[in-house]
Number of protein chains: 2
Amino acid sequence: MKLNRASALGVFAGIHLARQGKKAPIQGKEIAESLGTPHDYLLKVLQQLVKARIFMSERGPAGGFQLRKDPDQITLLDIVEAIEGPIDGDSNVLHEIQAQPNAKHSLESAYNDVARFARSLLKKTTIKDLAA
Amino acid sequence: MKLNRASALGVFAGIHLARQGKKAPIQGKEIAESLGTPHDYLLKVLQQLVKARIFMSERGPAGGFQLRKDPDQITLLDIVEAIEGPIDGDSNVLHEIQAQPNAKHSLESAYNDVARFARSLLKKTTIKDLAA
DNA sequence: GGCGATTTACTCGGATAAGCATTGTCCGAGTCAGAAGGG
DNA sequence: CCCTTCTGACTCGGACAATGCTTATCCGAGTAAATCGCC
């Protein structure tokens with residue numbers, strides 16, 4: 001697992017939306033200025049979260065982004081995995097190396113343990129927690 | 001943190017050397033064939049471990065690589081950090097984003113917790129454990 | 001003045017470049033063994 | 001025959017490309033409001 005700039009932007013964008021409530025859509029432009037990040041790039045990140053059905057978007061004037069669920073129903077894991085892809089032990093890297101199967105297995109389970117821990121930890125924290 | 005092909009190769013190379021004992025140097029060519037990986041690339045990985053003083057190398061005919069320490073004194077963390085660099089929470093990515101300080105801090109400590117867990121887990125396992 | 005088609009301004013959406021890290025390759029530096037030559 | 005010198009083969013070492021992923025940018029699709037024209 002890794003922490004991209006993109007996934008961090010996704011989390012903070014979620015916090016920004018949570019703070020505004022669900023009244024009206026918030027424009028990407030406003031979020032970008034708030035986070036001090038390039039507008040066009042942030043949009044691409046937000047798009048991924050819309051595809052993952054975590055955010056919802058509306059086009060046209062007065063359009064923008066909103067949370068699709070309540071802030072306490074959105075975990076960090078939801079956002080991070082929507083952007084980075086699933087958090088696993090990267091076992092595909094191991095399988096293309098020839099080595100003793102039990103050594104491969106031991107290393108793989110070590111990495112899987114780390115991945116499991118990361119998943120459970122990120123699942124505990126919600127957007128609501130961070131927006132407080 | 002992430003699991004590169006390079007760090008996996010470093011671990012398996014360490015296992016290969018541990019299995020041979022400390023009698024004579026093992027050539028990179030032999031390790032590369034054993035792991036089914038490009039020879040020239042593996043050398044670059046082994047070089048990093050030599051620089052980190054985990055392996056030792058000898059040139060010339062009958063040269064090769066050896067472990068510098070006992071297999072039970074070399075942890076997975078030693079090898080992985082020698083190749084990937086230190087395992088941290090990638091907090092540098094966070095600091096260039098403008099956001100509420102407490103939200104940034106919460107996210108950063110979540111990632112630091114994962115990094116700490118990964119470090120402690122990788123520190124528990126030694127090359128000797130995997131070579132058995 | 002009221003209604004509707006049209007234009008306009010504004011938003012997100014997806015396809016397209018630029019930058020950087022990881023992976024892969026090549027040639028040179030160092031080292032020992034063995035052969036060649038002279039004593 | 002023995003010692004010294006030289007050549008050559010073999011190893012690692014570090015500098016140089018190629019590939020893939022992350023980041024950044026651009027232009028087009030969609031939408032609602034405002035404008036203009038007609039009734």
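All figures in this text were calculated on a predicted structure; none of them were measured in a lab. Note on naming: letters A, B, ... go to the chains in the order of the sequence lines (proteins, then strands), and numbering restarts at 1 for each one.
If you take CG of B:L46 and C1' of D:dG14, they are 14 Å apart, rounded to a whole angstrom. Between the C1' atom of C:dG13 and the NZ atom of A:K51 lies a distance of 9 Å, rounded to the nearest Å. Between A:L49 atom CG and C:dG14 atom C1' the separation is 16 Å, expressed in whole Å. Remark: P of D:dT23 and CD1 of A:I83 are 10 Å apart, rounded to the nearest angstrom. Distance, A:Q47 CD to D:dG30 P: 14 Å, rounded to whole Å. A straight line from CD of B:Q48 to C1' of C:dT23 spans 12 Å, rounded to a whole angstrom. Across the protein-nucleic acid pair, B:H39 atom NE2 and D:dC10 atom P stand 13 Å apart, rounded to whole Å. A:L35 places its CG atom 13 Å from the P atom of D:dA24, with the value rounded to the nearest Å.
In terms of hydrophobic clustering, with Ile, Leu, Val, Met, Phe, Trp and Tyr side chains grouped at heavy-atom distances under 4.5 Å, A:I26 and A:M56 are assigned to different clusters.
The side chain of A:R59 lies closest to D:dG28 when the candidates are D:dG28, C:dT31, D:dT23. Candidate nucleotides C:dA15, D:dG28, C:dC32 were compared by shortest atom distance to the side chain of B:P61, and C:dC32 ranks first. Of all nucleotides listed (C:dT25, C:dC12, D:dG13), D:dG13 comes nearest to the side chain of B:F65. The side chain of B:R5 approaches C:dG24 more closely than any other nucleotide in the set C:dG24, D:dA24, C:dG13. Listed candidates were C:dA15, C:dG14, D:dG14. Nearest to the side chain of A:K44 is C:dA15. Among the nucleotides C:dT25, D:dT25, C:dC12, the one closest to the side chain of B:Y41 is C:dT25. Closest to the side chain of B:D40, out of D:dT23, C:dT25, D:dC12, is C:dT25.
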Decide yes or no on side-chain contact (heavy atoms from CB on, under 4.5 Å) for B:N4 and A:V93, but give the supporting numbers first. CA-CA 7 Å; B:N4 284 341; A:V93 178; over 6 Å; no
Given side-chain contact (heavy atoms from CB on, under 4.5 Å), test A:F12 with B:Q100 step by step and report yes or no. CA-CA 9 Å; A:F12 288 122; B:Q100 302 293 336; over 6 Å; no
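Residue-to-nucleotide proximity on DNA chain D shows that, of A:E84 and B:I26, the 5′-proximal contact is made by B:I26.
Here B:S57 does not reach the OP1 or OP2 of D:dT11: none of its side-chain N or O atoms lies under 4.0 Å away.
Across all strands, B:A6 comes closer than 4.0 Å only to sugar-phosphate atoms, never to a base (heavy-atom distances). Counting any heavy atom pair closer than 4.0 Å across all strands shown, A:Q27 reaches sugar-phosphate atoms only and no base atom.
Contacts classified as salt bridge (Lys or Arg N to Asp or Glu O under 4.0 Å) and involving residues 3-19 of chain B (residues at least two apart or in different chains) are given here: A:E96-B:R5.
Remark: side-chain polar atoms of A:K44 are not paired, donor with acceptor, to backbone N or O of A:A6 under 3.5 angstrom.
Side-chain atoms of A:N112 and A:S109 form no donor-acceptor pair, as typed in the model, at a separation below 3.5 Å.
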Run the side-chain donor-acceptor check on residues 125-132 of chain A: report pairs under 3.5 Å with partners two or more places apart or on a different chain.
unit_1: A:T126; atom_1: OG1; unit_2: A:K128; atom_2: N; d: 3.4
unit_1: A:T126; atom_1: OG1; unit_2: A:D129; atom_2: N; d: 3.3
unit_1: A:T126; atom_1: OG1; unit_2: A:D129; atom_2: OD2; d: 3.2
unit_1: A:D129; atom_1: OD2; unit_2: A:T126; atom_2: N; d: 3.0

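Of all heavy-atom pairs spanning B:L35 and A:A99, the tightest one is CD2-CB, 4.5 Å.
Bending across the helix from C:dG1-D:dC39 to C:dG39-D:dC1, expressed as the angle between its end axes from five pairs apiece, amounts to 20° (10° rounding).
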